[in-house]
Amino acid sequence: MGGMVIRLPRVHVSRLVALVIGYLIAYLALHWTSYIFVYPEFGVTPWDPKTGLSFLLAALMGPASFPVLFVTTSLGQYFTTPYADMTLIVTRGLLFALVYTLAGAGFARATAADRWGSIPQVLKLLGIGTVAAVLYGIAVVATIAWLSRMPSPWLLSAIVTSATGDLIGTMTIVPLYLAWRSLGAPRRAESGPLMHLAVGALLIFAASFVVFGLESIDQFKFFYLLLLPIVACALRYGFVGAALSIVATDIFMMAIITARDFEPGTATELQILMITLSATGLLLGSVVSERVRLSAELVESHQKLSAAQNRLLHASRVLLVNEMASAVAHEMNQPLSAVRNFIRAVQRMLPERNLDRAKVASLIDAAVAQVDAASAIINDTRRLVKRDADDHATASVSESADLCLRLLQGEMRSAGVSVRQEIGKDTRVHIQPVKLQQVLLNLLRNAIEALDGQETRLITIAARPAGDGKIEIAVSDTGPGFSEAIRMELFRPFATSKEEGLGLGLNLSRSIIEDHGGELWIADYRPGRTRIAFTLRAEADE
């Protein structure tokens with residue numbers, strides 16, 4: 001998955017106008033609701049979400065956002081502070097538009113190769129946002145003080161409050177957009193996550209009330225309580241949960257600060273703590289989201305690797321069969337040709353009146369000898385590809401099943417298949433473990449492939465006594481079953497119900513079981529009740 005970038009969208013003029021109008025309305029609304037004048041002479045507020053909105057618009061539009069930011073900022077100052085001098089309004093608008101146009105455009109360029117909500121993107125947002133907030137704070141407070149001939153004792157405190165308020169706004173609004181983009185396509189809301197978010201908001205409100213709302217408690221004493229719900233949301237929902245919890249915490253904090261009417265110095269200290277809390281939450285959320293993404297990519301990579309291995313294995317089997325068929329055909333060609341020639345010779349001699357019976361018998365004996373040679377070739381080939389069963393080897397059914405399930409874990413997870421085992425821990429049968437695993441692996445893989453597209457995807461592996469000192473082992477699935485025609489042909493070589501199947505798996509499995517004195521058969525082939533079973537001698541018989 002490639003990096004996600006912020007670029008100037010190529011939109012129609014009507015959409016661009018709608019974007020600008022929407023920004024203007026949102027800016028003015030936030031301007032009126034969030035302007036808490038800690039320093040009325042400077043118009044500085046400890047929480048400025050409209051700054052984050054402007055930063056985001058500049059990141060989306062680039063340099064083209066400068067006139068929009070200038071006009072919007074000037075209008076906001078004019079309507080909320082009508083007593084201010086027009087020169088101050090225009091100067092402040094120009095400074096704000098210049099600083100945040102450069103900041104937003106610089107952020108878009110710096111994060112062009114970053115993923116949405118990634119750690120590098122959050123660090124760049126924090127760094128660029130801090131620089132922009134400090135530059136604008138210094139510029140606007142110094143300019144207002146110089147034009148208004150104000151005394152300087154409060155300048156430094158006003159600059160710090162202005163910069164932290166702007167940075168809080170940037171660290172609140174911009175992550176919301178990054179979180180939304182990191183989600184990709186809209187996701188359906190479910191009752192579980194909504195309930196979790198509601199509980200998280202309630203915890204944030206309770207912690208905010210304890211920290212800021214109780215006059216009898218020092219507001220810094222329990223500030224760490226705010227970290228708990230933010231960390232919980234970040235761990236549960238990653239970057240998205242961190243961004244939403246930070247917005248809720250900021251809103252509750254500023255609402256309580258407004259009601260409590262804190263001193264300017266206290267508000268500034270709380271601002272700095274909130275920035276620290278926001279940065280911690282966003283970075284933690286980024287780490288969690290990155291870990292989830294890497295886990296998903298690892299699973300996807302494993303699935304692709306498994307698919308490639310299966311294709312390679314299939315190609316190898318086909319090549320092996322082709323080579324064996326070619327070799328057997330080559331070896332069989334000579335004796336079969338000889339048999340044909342001997343029989344033809346006999347045919348030519350039969351019409352003769354004075355039939356040489358001795359010669360005919362000799363030709364027939366030669367033909368029989370060539371048939372025996374062909375039979376020997378077939379037996380040698382069979383011994384080459386099949387090792388004799390070891391009558392003294394025993395295998396644990398449960399351990400063999402566990403190993404096969406571990407090998408197929410990736411395939412089962414991607415296919416959404418669940419497995420139920422009904423096998424006694426002490427159940428052992430007379431067979432080489434690798435042979436039993438080969439049979440189980442083939443039956444389990446067939447069952448997984450049969451469950452593709454089924455609503456219920458369950459495989460059951462069971463083992464039970466079958467009488468006569470034998471154990472019956474069965475693999476059942478809730479797949480579509482077999483038709484009667486397929487069932488009759490299923491154990492024939494090269495007979496398969498799968499488009500890419502070779503048609504040798506069940507035939508080889510049956511051969512392995514029969515070579516160990518057992519039997520393999522289709523116990524049930526109805527839809528939802530497919531069951532293939534086989535028997536082997538139990539260990540107790542030895």
Side-chain angles (χ1 to χ4, degrees), residues 1 183-197 236-237 292-293 295-311 313-314 397-398 400-423 437 439-464 472-491 495-506 509 520-534:
M1 185 171 61
L183 289 174
R187 298 178 179 178
R188 182 180 62 181
E190 299 178 356
S191 59
L194 289 178
M195 179 62 69
H196 294 163
L197 292 176
R236 180 64 178 84
Y237 296 106
V292 171
R293 182 187 64 80
S295 298
E297 289 185 355
L298 183 61
V299 171
E300 182 181 359
S301 176
H302 176 75
Q303 292 172 351
K304 290 181 179 179
L305 178 60
S306 178
Q309 289 175 337
N310 289 336
R311 288 194 297 269
L313 180 61
H314 175 76
V397 179
S398 62
S400 297
D402 289 340
L403 177 60
C404 292
L405 293 176
R406 287 197 298 271
L407 292 174
L408 296 172
Q409 185 176 10
E411 296 179 34
M412 291 189 298
R413 186 187 300 112
S414 62
V417 172
S418 57
V419 177
R420 181 173 61 201
Q421 293 192 59
E422 300 174 358
I423 305 173
Q437 292 156 15
V439 174
L440 288 175
L441 198 64
N442 181 67
L443 297 182
L444 286 170
R445 182 171 276 118
N446 288 345
I448 293 172
E449 293 173 352
L451 291 175
D452 184 30
Q454 300 297 307
E455 183 176 351
T456 303
R457 303 177 186 181
L458 174 64
I459 296 176
T460 302
I461 310 174
R464 63 182 181 85
E472 179 185 292
I473 304 168
V475 175
S476 309
D477 64 70
T478 55
F482 304 116
S483 66
E484 183 66 23
I486 293 178
R487 185 182 73 87
M488 298 299 295
E489 301 287 332
L490 205 55
F491 289 103
T496 177
S497 60
K498 296 176 287 187
E499 293 182 1
E500 299 180 356
L502 190 59
L504 293 177
L506 285 177
S509 297
L520 188 148
W521 72 99
I522 299 176
D524 200 339
Y525 57 94
R526 289 171 290 177
R529 302 176 61 179
T530 305
R531 181 170 172 267
I532 297 180
F534 60 92

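Note that these values count all heavy atoms, side chains included, but never hydrogens, waters or copies made by symmetry.
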Looking only at heavy atoms, what is the nearest atom pair of Ala450 and Pro480, with distance? O-CD, 3.2 Å
Counting C-beta onward and ignoring hydrogens, is there a side-chain heavy-atom pair between Ile473 and Val439 closer than 4.5 Å? no
Over all atoms of both residues, closest heavy-atom pair of Ile461 and Leu444: CD1-CD2, 3.7 Å
Distance-minimising heavy-atom pair for Ile423 and Ala401: CD1-CB, 4.0 Å
Ion pair present between Glu449 and Arg445, side-chain N to carboxylate O less than 4.0 angstrom? no
List the atom of Phe534, the atom of Leu443, and the distance in Å for their closest heavy-atom pair. CE2-CD1, 3.8 Å
To the closest 0.5 Å, what do you measure between OG (Ser400) and CD (Gln437)? 4.5 Å
Quick one: pull up OG1 in Thr530 and CG in Asp524 and give me the separation to the nearest 0.5 Å. 7.0 Å
Quick check: are there more than 12 heavy atoms from other residues, nucleotides or ligands sitting under 6.0 Å from CG of Asp452? no
Locate the shortest heavy-atom distance separating Gly479 from Leu451; write the atom from each residue and the value. N-CD2, 3.4 Å
Evaluate the side-chain proximity of Tyr237 to Val292: yes if any heavy-atom separation is below 4.5 Å, no if none is. no
Ser476 backbone acceptor or donor facing Thr460 side chain under 3.5 Å: no
Quick one: pull up CD1 in Ile459 and CE in Met412 and give me the separation to the nearest 0.5 Å. 7.0 Å
Would you call Leu405 and Gln421 a side-chain contact if the rule is heavy atoms closer than 4.5 Å? yes
Write down the atom of Gly416, the atom of Arg457, and the distance for their closest heavy-atom approach. O-CB, 3.6 Å
